[in-house]
Amino acid sequence: MASQSYDGILLGMGNPLLDISAVVDDEFLQKYDIKLNNAILAEDKHKSMYDEMTNKFNVEYIAGGATQNSIKVAQWMLQKPGATSYMGCIGKDKYGEEMKKNSTAAGVNVHYYEDENTPTGTCAVCVVGGERSLVANLAAANCYKSEHLKRPENWALVEKAKYYYIAGFFLTVSPDSIQLVAEHAAANNKVFTMNLSAPFICEFFRDPQEKALPYVDIVFGNETEARTFSKVHGWETDNVEEIAKKICEWPKVTAKKRIAVITQGADPVCVAEDGKVQLFPVILLPKEKLVDTNGAGDAFVGGFLSQLVQEKPISECVRAGCYAANVIIQRSGCTYPEKPDFQ
C-alpha cells in the first residue's frame, strides 16, 4: 500500500485520562475497596485516594485512557505519522496540556473537545505484584458531546478513516456518538471495532452495548469480561470458546461476519470466526521481567489494529497484538521504546 493511503486510516474515540500510576500496598487496596485486575469508575469513597497516592507513593503521570492507549500503540507499530486520529474530551488545564503534548508527540492526530469548566479526567493505576487495578475519575472525559463529532473538521476524520475503534468505556459517556460512527461505518462498508472493556460495562450499560453490537465487526475483550457478558445474557456457560462463538452469532446489520477476539492473560488468545475457534499462544514472560499489566489489553488491541489496517491475515494481527502487549508489560504503564522491532 502507498504510504499516503494510510493517512487517517484509523480513528479512535474514547475517554482520555491521565494515568496516575504507582506501586501501592494491600492496605491501600483494602482501604479503598479495590480488587486487582479490575476497572471501575470512582465513587465518593475514592475521591481522597488520588491525593493519598500522590503523597504516599512514587507516582508517574502517563497519558492514558483505554482507546487512546490502543490508538497510540497502533500508531507506534505503524510508524507512519498521522495514520491514526483520536477524539475525546479533556479539560482546559495542565493535565489537558500534558495529554495534548504526549499524544501529538506520539504521532496521533488528536482533536480533543475542551471543556472550560471540568478538569481533565484521571485514572488511578494501582499496581501490586505486577497486577493492576484501575479507578477512573472521568471528570471532563464524561462531558464529550456528539455536537463536537458533527463539526465539519471532526466529521472529516470519520469520513477519511476506514477502520474505527471505540472501547466499551465510551458507552458510559456518548452512546449517540458511537451510534453515528457505527452507522457511517455500516453504510460505507468500513470496519467498526469495539471492546467489552470491563465487567461493569456488560452489567450496567447493557442497553447501549446491545444497541451498538449489531454494528460491531470485531469484538475484543478478556476472559473475565466475556464470562460476565455470558452471565448477563443468561448463556449459562463459562467456556470462553463457546462465549466467543455466541458473540459472533449476535445479530448484525451488515453481511460481514463478526469476529470475536478474547485474550486470557498468559493463556492463548481465543479467536472465533464463522462458527470456528482458533487459539493463538501468547509470548510468555518470566515473572521477574513483568513490570505491570497496565495497558496490556489496550496494547494488544493497538498491535492487532496496526496489522488489520494493512489488511494482514487475522493470525498476523494476533501476533502483532501479542508482541505489543509483551513490550508494554515490561515497562511502567502503556509506554514503549522509540521503535518497534516487530518482524
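If you're wondering where the values come from, they're calculated on a predicted model, not measured in any experiment. Because only heavy atoms are used, hydrogens play no part in the values below, and waters and symmetry mates are left out as well, while side chains stay in.
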[atom1] of [X] to [atom2] of [Y]: how many Å apart, nearest 0.5 Å?
{"X": "H148", "Y": "C143", "atom1": "NE2", "atom2": "SG", "answer": "13.0 Å"}
{"X": "N102", "Y": "Y61", "atom1": "CG", "atom2": "OH", "answer": "14.5 Å"}
{"X": "F169", "Y": "L196", "atom1": "CZ", "atom2": "CG", "answer": "10.5 Å"}
{"X": "L17", "Y": "N69", "atom1": "CG", "atom2": "CG", "answer": "9.0 Å"}
{"X": "I9", "Y": "Q310", "atom1": "CD1", "atom2": "CD", "answer": "8.5 Å"}
{"X": "T84", "Y": "K72", "atom1": "OG1", "atom2": "NZ", "answer": "10.5 Å"}

Do [X] and [Y] sit in the same hydrophobic cluster, where Ile, Leu, Val, Met, Phe, Trp and Tyr count as joined when their side-chain heavy atoms come under 4.5 Å apart?
{"X": "Y86", "Y": "V309", "value": "yes"}
{"X": "I178", "Y": "L10", "value": "no"}
{"X": "I262", "Y": "V318", "value": "no"}
{"X": "M194", "Y": "V253", "value": "yes"}
{"X": "I40", "Y": "M49", "value": "yes"}

Legend entry - From CA spacing to verdict: side-chain hydrogen bond (donor to acceptor under 3.5 Å, both in side chains), S103, Q68: CA-CA 8 Å; S103 301; Q68 186 163 245; 3.2 Å; yes
Would you say [X]'s side chain and [Y]'s backbone share a donor-acceptor pair under 3.5 angstrom?
{"X": "S230", "Y": "T237", "result": "yes"}
{"X": "R331", "Y": "Y336", "result": "yes"}
{"X": "H233", "Y": "F229", "result": "yes"}
{"X": "T120", "Y": "G96", "result": "yes"}
{"X": "Y164", "Y": "A161", "result": "yes"}
{"X": "T104", "Y": "K100", "result": "yes"}
{"X": "H46", "Y": "Y32", "result": "yes"}
{"X": "T118", "Y": "G91", "result": "no"}
{"X": "Q330", "Y": "N326", "result": "yes"}
{"X": "S70", "Y": "D298", "result": "yes"}

Heavy atoms, side chains only, cut-off 4.5 Å: are [X] and [Y] in contact?
{"X": "L213", "Y": "V219", "result": "yes"}
{"X": "D25", "Y": "V128", "result": "no"}
{"X": "F304", "Y": "I314", "result": "yes"}
{"X": "P119", "Y": "Y95", "result": "no"}
{"X": "F28", "Y": "E52", "result": "yes"}
{"X": "Q79", "Y": "P340", "result": "yes"}
{"X": "F280", "Y": "V271", "result": "yes"}

Legend entry - Option from K257, K190, K252, R258 for which side chain to side chain donor-acceptor pair (under 3.5 Å) with D217 holds: K252
Inset, instruction - Can you tell me which residue pairs pass the salt bridge (Lys or Arg N to Asp or Glu O under 4.0 Å) test with a partner in residues 276-291, sequence neighbours excluded? - result: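 The answer is none; no pair qualifies.
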Polar side chain donor-acceptor pair, [X] to [Y], under 3.5 angstrom:
{"X": "K256", "Y": "N189", "answer": "yes"}
{"X": "S133", "Y": "N38", "answer": "no"}
{"X": "E223", "Y": "T263", "answer": "no"}

Determine the minimum heavy-atom distance between [X] and [Y], stating which atoms define it.
{"X": "V24", "Y": "C126", "answer": "CG2-CB, 3.8 Å"}
{"X": "A185", "Y": "F192", "answer": "CB-CB, 3.9 Å"}
{"X": "A324", "Y": "G303", "answer": "CB-CA, 4.1 Å"}
{"X": "F220", "Y": "N195", "answer": "O-OD1, 3.2 Å"}
{"X": "N58", "Y": "A22", "answer": "O-CB, 3.7 Å"}
{"X": "A83", "Y": "L78", "answer": "CB-CD1, 4.0 Å"}

Inset, instruction - Would you please classify the geometry between the Y323 ring and the W76 ring as parallel, tilted or perpendicular, with 30° and 60° separating the classes? - result: parallel
Inset, instruction - Classify the ring geometry between Y113 and Y144 as parallel (under 30°), tilted (30 to 60°) or perpendicular (over 60°). - result: perpendicular
Are [X] and [Y] within salt-bridge range, i.e. N to O under 4.0 Å?
{"X": "D115", "Y": "K92", "result": "no"}
{"X": "E210", "Y": "R206", "result": "yes"}
{"X": "K94", "Y": "E97", "result": "no"}
{"X": "K246", "Y": "E241", "result": "no"}

Legend entry - Residues in ring pair (Phe, Tyr, Trp, His ring centres under 6.0 Å) contact with F205, at least two apart in sequence or another chain: none
Inset, instruction - Please step through side-chain hydrogen bond (donor to acceptor under 3.5 Å, both in side chains) for the pair T254 and Y215, ending with a clear verdict. - result: CA-CA 7 Å; T254 64; Y215 295 90; over 6 Å; no
Inset, instruction - Evaluate whether atom NZ of K45 has more than 12 neighbouring non-hydrogen atoms of other residues, nucleotides or ligands under 6.0 angstrom away. - result: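 Buried by this count: over 12 neighbours within 6.0 Å.
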Inset, instruction - Answer yes or no: are there more than 12 heavy-atom neighbours, outside E153 itself, under 6.0 Å from its atom CD? - result: yes
Inset, instruction - List the steps and the verdict of side chain to side chain contact (heavy atoms under 4.5 Å, CB included) for I247 and W235. - result: CA-CA 11 Å; I247 289 172; W235 289 349; 4.0 Å; yes
Legend entry - side chain to side chain contact (heavy atoms under 4.5 Å, CB included) evaluation trace for Q264 with N222: CA-CA 6 Å; Q264 310 184 80; N222 66 27; over 6 Å; no
Inset, instruction - Answer yes or no for K150 and W155: cation-pi contact, defined as NZ/CZ to six-membered ring centre under 6.0 Å and angle to ring axis within 45°. - result: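 Ring-cation test returns no.
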Inset, instruction - Show your reasoning for whether side chain to side chain contact (heavy atoms under 4.5 Å, CB included) applies to Q278 and V269. - result: CA-CA 8 Å; Q278 283 181 284; V269 178; over 6 Å; no
Inset, instruction - Would you please test C89 and E114 for side chain to side chain contact (heavy atoms under 4.5 Å, CB included) and show each step? - result: CA-CA 6 Å; C89 184; E114 294 184 42; over 6 Å; no
Inset, instruction - Kindly determine whether S146 and D176 satisfy side-chain hydrogen bond (donor to acceptor under 3.5 Å, both in side chains), including the steps that lead there. - result: CA-CA 7 Å; S146 57; D176 53 335; 2.9 Å; yes
